[in-house]
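Shown next, in structure tokens, is the structure this report addresses.
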Number of protein chains: 2
Amino acid sequence: MARQDRTAEARMEFNAFLAVCPSRQLLARISDKWVVLILCALSGDRDASSPEPTAPIPMRYSELSRLLAGVSQKMLTQTLRSLERDGLVTRTVTPTVPVTVTYELTDLGSSLHDVTRGLRTWAQDHMGEVLRNREEHEAPAG
Amino acid sequence: MARQDRTAEARMEFNAFLAVCPSRQLLARISDKWVVLILCALSGDRDASSPEPTAPIPMRYSELSRLLAGVSQKMLTQTLRSLERDGLVTRTVTPTVPVTVTYELTDLGSSLHDVTRGLRTWAQDHMGEVLRNREEHEAPAG
DNA sequence: CTGTATCCACTGCGATACTG
DNA sequence: CAGTATCGCAGTGGATACAG
């Protein structure tokens, strides 16, 4: 694809406010807790004390399964397939016995993590404030 | 609440990777396309040509309903209630006839929009690349 | 105008069992 | 180890009707 095609594309007006726009579906796809957590995991963005992300970290299926506490096989596989399909992660099969499969962020995946990283951080940083708001909302008069 | 309490709280270690951590639920809550779009709407962040968000813009229920194409009454109301409960938006009822209800971002809501704004932008900016990746994935050999 | 209430179809998602 | 296949339920979410 030629340079000018990409430039023209970048100028195309996708608008997620429109129900029929494909970016609406993409937004729905990336607005997902498992997507956010997988992206964080593959970026080595594990806790608040490491604000600056390191280079993408290849991880095996079982490692992801362990790190993302509570995720079902189905959701993990399903989400990884989706991310692979969209070019956000690569899936590499090493023919050992038993087989070894590693997942790694692509550049595109990293660019998304730059955004979604803030989601997890925000949730953790403002959890207390949100909990307090909920309590006040339950009992406004005291 | 005293300053040191908030400071201590900020140091508390919420970790969304843990299934039992409340921040996991909060992450799931804010990882939602309607949340993202409502936050964008109330921030006046309507299209790509306005990268810098203006001040929060109060909007009426019907305005939101119109702007968020395809959203059902149920989901819009449900999402707004949730955002209100968590202290991200305020709901103001003006006793006109018929009644007027306006929603407006709080400071906390604005801080979340600073994060989620990137989600919608990313979806729109990288839509073409993702579509291309999907095509290649469907037909890897040509 | 701004909701709430109800019904219903769909499917997201977990649990379980099975395979290369 | 890294999945696929199947079942089943509970919740999502739309459509419709009704109300303050």
Side-chain angles (χ1 to χ4, degrees), chain A residues 16-21 24-38 41-42 57-86 89-104 137, chain B residues 16-21 24-38 41-42 57-86 89-104 137:
Chain A
F17 279 118
L18 304 176
V20 294
C21 183
R24 164 73 68 90
Q25 296 172 345
L26 183 56
L27 175 61
R29 200 75 243 21
I30 65 182
S31 300
D32 179 271
K33 66 169 182 276
W34 298 129
V35 169
V36 172
L37 289 176
I38 288 175
L42 293 179
I57 298 176
M59 288 184 71
R60 301 178 57 172
Y61 181 89
S62 53
E63 292 180 300
L64 285 169
S65 179
R66 229 172 299 121
L67 184 56
L68 276 66
V71 69
S72 66
Q73 275 195 345
K74 181 175 177 177
M75 285 315 297
L76 182 54
T77 299
Q78 189 171 297
T79 307
L80 285 170
R81 288 285 179 279
S82 162
L83 294 176
E84 185 194 4
R85 191 175 107 100
D86 290 351
V89 306
T90 58
R91 178 174 178 270
T92 306
V93 181
T94 308
T96 52
V97 180
V99 69
T100 303
V101 179
T102 61
Y103 294 90
E104 187 169 6
H137 193 261
Chain B
F17 279 119
L18 305 176
V20 293
C21 183
R24 164 74 69 90
Q25 297 172 344
L26 183 56
L27 175 61
R29 199 80 230 33
I30 65 182
S31 300
D32 179 271
K33 67 169 183 278
W34 298 129
V35 169
V36 172
L37 290 176
I38 288 175
L42 293 179
I57 298 177
M59 288 184 71
R60 299 178 59 172
Y61 182 88
S62 52
E63 291 179 302
L64 285 170
S65 179
R66 230 171 299 122
L67 184 56
L68 275 67
V71 69
S72 66
Q73 274 196 346
K74 180 176 176 177
M75 287 315 297
L76 182 55
T77 300
Q78 189 171 297
T79 307
L80 286 169
R81 287 287 178 279
S82 162
L83 294 176
E84 185 193 5
R85 192 175 106 99
D86 289 351
V89 306
T90 57
R91 177 174 179 271
T92 307
V93 180
T94 308
T96 51
V97 180
V99 69
T100 302
V101 179
T102 60
Y103 294 90
E104 186 170 8
H137 194 261

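Heavy atoms only: backbone and side chains are in, while hydrogens, waters and symmetry mates are out. Everything numeric here is computed off the predicted structure, so don't read it as measured data.
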Protein-proximity profile, nucleotides 2-9 of chain D, B/S/- by nucleotide at the 4.0 Å heavy-atom cutoff, equals SBB-----
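Every residue two or more places apart in sequence or in another chain that forms a side chain to side chain donor-acceptor pair (under 3.5 Å) with A:Thr96 is listed here: A:Thr100. With sequence neighbours left out, A:Gln78 forms a side-chain contact (heavy atoms from CB on, under 4.5 Å) with A:Lys74, A:Met75. The side-chain contact (heavy atoms from CB on, under 4.5 Å) test applied to A:Val93 returns A:Arg91, A:Val99, A:Val101, not counting sequence neighbours. Considering only residues two or more places apart in sequence or on other chains, A:Arg85 meets the salt bridge (charged side-chain N to carboxylate O under 4.0 Å, His left out) condition with B:Glu138. Scanning for side-chain contact (heavy atoms from CB on, under 4.5 Å) contacts around A:Asp86 gives A:Leu26, A:Arg29, A:Ser82, A:Leu88, B:Val130, B:Arg134, with sequence neighbours left out. Applying the side-chain contact (heavy atoms from CB on, under 4.5 Å) test to B:Ala19 and every residue at least two apart in sequence or in another chain returns A:Ala69, B:Arg24. Evaluation of the side chain to side chain donor-acceptor pair (under 3.5 Å) rule for B:Arg60 yields no partner, not counting sequence neighbours.
Atom CE in A:Met59 sits about 14 Å away from atom P in D:dC1, given to the nearest Å. Atom-to-atom, CE of A:Met75 to C1' of D:dG11 comes out at 14 Å; the value is rounded to the nearest Å.
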Derivation of the side chain to side chain contact (heavy atoms under 4.5 Å, CB included) call for A:Phe17 and B:Leu68: CA-CA 5 Å; A:Phe17 279 118; B:Leu68 275 67; 4.0 Å; yes
Go through A:Ile38 and A:Leu76 one step at a time and tell me if the side chain to side chain contact (heavy atoms under 4.5 Å, CB included) criterion holds. CA-CA 9 Å; A:Ile38 288 175; A:Leu76 182 54; 3.9 Å; yes
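The side chain to side chain donor-acceptor pair (under 3.5 Å) analysis of residues 64-73 of chain A, with sequence neighbours excluded, yields no pairs.
Taking five base pairs at each end of the helix from C:dC1-D:dG20 to C:dG20-D:dC1, the local helix axes there meet at an angle of 50°, rounded to 10°.
Mapping heavy-atom proximity under 4.0 Å, the span of DNA chain C touched by chain B runs 5' to 3' from C:dC1 to C:dT4.
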